[in-house]
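Written out below as structure tokens is the structure these notes cover.
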Amino acid sequence: MIIGLIFFIISGFLIGTSRTAKADTETRDVTVPLKSAKEALQYVQSNQLKKAEERFEKDKEWWFANKQKVKNSSLDLAQQIDKQIADVSLAFVNDDQKQVKDNLTALTTSLENYKIGAFTDNQGQTKMNLSIYITKLKAAKTLMQNKNWTAAQAAVQDLQQQWLAVEGDVVSQSQKVYTDSERNLVVLDAYIKDPAKQDRAADQINQMIAELEPLADAHYSWMDAALIPLREGLEALLVVGALLTFAKKAGANKSRNWIIGGTVAGLLTSVIVGSIVVIWLSAAAFGQNNTLINGWAGVIASAMMLYVSYWLHSNSDIAKWNQYIANKSKQAITNGRMVSFAFIAYLAIVREGMETVIFLIGMAGRMSAGQMTVGIVAGFGVLALIAFLMIKVGVRLPLKPFFIISSAIVFYLCFKFMGSGIHSLQLAGVIPSTVNDHLPSINAFSIFPSWYSTLPQAIFLVAAIFVVFYKQFRGKHI
């Protein structure tokens, strides 16, 4: 069953590789409108609104002549430019210098995106790559240096939404740069919204540019395709492996079947959603929803895993465990707990599987179908081997060390999932992206400089310490 799923995943990727977007043979020449918009901006900044309006007429003329051409490439972008043209015209009528400046800046950004192909076309495809993304980072930096914070905020939000289109390129080469970049996108948004910290935003974007530029000209091989499922799947495997090993130790075959069922359901969900993205959507268009899925799946799984960690730790007493087994007879695990184990396995797989699918889709087309196939088979093959060894070793561990190690692993992942889950919700705009410079940032534990993520993690840590010391105290007084 699982082998069949792996080949289903492979075939989905090969479909994505062979599917090509409609060729854009039209030359996107925006030299005239870009020059006019930039000159108009210069006149606005020197308080010459009349001259700015005269220069803007060139943009309107270009737009009336080329509107249909842009619509043929991207209806969404055409609607965006059309609105910006109207907004600039209205701002000139109202003699509102600030609105003229902000709307002209937004128009300039849209024209530059059209020129370099940084938009989603009418077939749902995007030409966004890491080089274009870095160009957009530099454009956002210019807005910050010019203290055009309204336009800079819009640019950063655009960068957040388009991150998924390039994150596969990043994570396949450097996990550190990937994590740093995701953190910096949230920090950037927080800095721009806070007048007291706006001047520090440029330094943050400089770090992103410096880290991403060496990765822009990547060349991929089958090993890169293999590393994606290994990197993304290992944490999910630790969760599922701990649950399966526990079920085997307890002799609860029914519980084991529930956990496997949750795992398979998670794999199917990842494959189905990934196929939908390949066939009907683009990675960029799916980006916001994927961030929401990762965020909520991480938070919910974390809350459930906190209880599992506590439950595993509380059963590390051999006498208590023997009594528990005796009381439950052959069932050993209640029906409610079996369902919760299956749901935890499902969430862990979906959270990591969704990103694995999207990352590999992003890598498709950068290597041959043969290399992609070999890489995916190798990556999932190593994961399967690790899972086998985990269960074999786990079953042979003495009872007390097994429960202690399992509870520690599950708690670590619970702690990490909560931090990364809330961080994803901040990236999606569900939770405010406020940051505190006095808080630490530790990638290995998904600790980010925001009270929204750090406070729940701190509560979890205090609760865990209390449980450990309370159990030791009780043990000494029994």
Inset, instruction - Determine the minimum heavy-atom distance between V240 and A345, stating which atoms define it. - result: CG2-CB, 4.0 Å

Legend entry - Closest non-hydrogen atom pair, V30 against L111: CG2-O, 3.8 Å

Inset, instruction - Measure the CD1-CG distance between I205 and L188 for me, rounded to the nearest 0.5 Å. - result: 5.0 Å

Legend entry - Separation between CG of N103 and CG of L41, rounded to the nearest 0.5 Å: 10.5 Å

Inset, instruction - Step through the shown structure and confirm whether more than 12 heavy atoms of other residues, nucleotides or ligands are within 6.0 Å of NZ on K197. - result: yes

Legend entry - Side chain proximity check, Y412 to L238, heavy atoms < 4.5 angstrom: no

Inset, instruction - Search all heavy atoms of W149 against all heavy atoms of I192 and return the closest pair with its distance. - result: O-CG2, 3.8 Å

Inset, instruction - Assess the pair F460 and F411: is the distance between their ring centroids shorter than 6.0 Å? - result: no

Legend entry - Side-chain donor or acceptor of D96 paired with backbone N/O of K98 under 3.5 Å: yes

Legend entry - Side-chain donor/acceptor of H423 to backbone N/O of E182, under 3.5 Å: yes

Legend entry - Full working for side chain to side chain contact (heavy atoms under 4.5 Å, CB included) between Q99 and D87: CA-CA 8 Å; Q99 283 299 311; D87 288 343; over 6 Å; no

Inset, instruction - Return yes if some donor-acceptor pair links the side-chain N/O of S302 with the main-chain N/O of C414 below 3.5 Å, else return no. - result: yes

Legend entry - Y43 side chain near K50 side chain, heavy-atom distance below 4.5 Å: no

Inset, instruction - Say whether, by atom type as modelled, one donor and one acceptor occur between the side chain of D158 and the main chain of A154 under 3.5 angstrom. - result: no

Legend entry - Expected output: side-chain S74 to main-chain V70 donor-acceptor under 3.5 Å: no

Legend entry - Distance, nearest 0.5 Å, that separates CG of L230 from CD1 of I386: 6.0 Å

Legend entry - NZ/NE/NH1/NH2 to OD/OE distance under 4.0 Å, E112 and K115: no

Inset, instruction - Considering non-hydrogen atoms only, spot the tightest contact between V88 and L104 and give its length. - result: CG2-N, 3.7 Å

Inset, instruction - Calculate, to the nearest 0.5 Å, the distance between atoms CD1 and OG belonging to I209 and S181 respectively. - result: 11.0 Å

Legend entry - Q457 and K416 side chains, donor-acceptor separation under 3.5 Å: no

Legend entry - Stepwise side chain to side chain contact (heavy atoms under 4.5 Å, CB included) check, Y452 with T434: CA-CA 8 Å; Y452 285 100; T434 55; 3.0 Å; yes

Legend entry - Donor-acceptor under 3.5 Å (Q426 side chain, S450 main chain): no

Inset, instruction - For the pair D76 and Q80, evaluate side chain to side chain donor-acceptor pair (under 3.5 Å) and give the outcome as yes or no after the intermediate values. - result: CA-CA 6 Å; D76 288 342; Q80 184 176 313; over 6 Å; no

Legend entry - F56: partners by ring pair (Phe, Tyr, Trp, His ring centres under 6.0 Å), with sequence neighbours left out: F92

Inset, instruction - Apply the test side chain to side chain donor-acceptor pair (under 3.5 Å) to residues Q204 and N184: give CA-CA distance (whole Å), side-chain angles for both, the deciding distance (0.1 Å), then the verdict. - result: CA-CA 6 Å; Q204 209 72 30; N184 287 337; 2.6 Å; yes

Legend entry - Separation of K83 NZ from L107 CG (nearest 0.5 Å): 12.0 Å

Inset, instruction - Working to the nearest 0.5 Å, report the span between OH of Y191 and CD of Q153. - result: 15.5 Å

Inset, instruction - Would you indicate whether the side-chain heavy atoms of I376 and P229 approach each other to under 4.5 Å? - result: no

Legend entry - By salt bridge (charged side-chain N to carboxylate O under 4.0 Å, His left out) - contacts of K58 (at least two apart): none

Inset, instruction - Please confirm whether the backbone N or O of L49 pairs with a side-chain atom of Q97, one donor and one acceptor, at under 3.5 Å? - result: no

Inset, instruction - Determine whether F417 and L347 make a side-chain contact, defined as any pair of heavy atoms from C-beta on separated by less than 4.5 Å. - result: no

Inset, instruction - Using only heavy-atom distances, determine whether the side chains of Q198 and D194 contain a donor-acceptor pair under 3.5 Å. - result: no

Legend entry - Pairing residues for F415 by the ring pair (Phe, Tyr, Trp, His ring centres under 6.0 Å) criterion, not counting sequence neighbours: none

Legend entry - Backbone of F448 reached by a side-chain donor or acceptor of T454 within 3.5 Å: yes

Inset, instruction - For residues E39 and K51, determine if any side-chain heavy atom of one lies less than 4.5 Å from a side-chain heavy atom of the other. - result: no

Inset, instruction - Identify the two heavy atoms, one from D180 and one from Q207, that lie closest to each other, and give their separation to 0.1 Å. - result: OD2-NE2, 4.3 Å

Legend entry - S453 side chain to P449 backbone, donor-acceptor under 3.5 Å: no

Inset, instruction - For the pair T105 (side chain) and K101 (backbone), establish whether a donor and an acceptor sit closer than 3.5 Å, ignoring hydrogens and angles. - result: yes

Legend entry - Atom of V299, atom of G421 and distance for their closest heavy-atom approach: CG2-C, 4.0 Å

Inset, instruction - Output every pair passing salt bridge (Lys or Arg N to Asp or Glu O under 4.0 Å) with a member in residues 139-157, not counting sequence neighbours, ordered by first then second residue. - result: K147-D199

Inset, instruction - Answer yes when R200 and D203 have at least one side-chain N-carboxylate O distance shorter than 4.0 Å, and no when they do not. - result: no

Inset, instruction - Could you check I134, T135, T142 and say which one makes a side chain to side chain contact (heavy atoms under 4.5 Å, CB included) with K138? - result: I134

Inset, instruction - Sequence neighbours left out, what passes ring pair (Phe, Tyr, Trp, His ring centres under 6.0 Å) with Y133? Give chain and number order. - result: W163

Legend entry - K35: partners by salt bridge (charged side-chain N to carboxylate O under 4.0 Å, His left out), with sequence neighbours left out: none

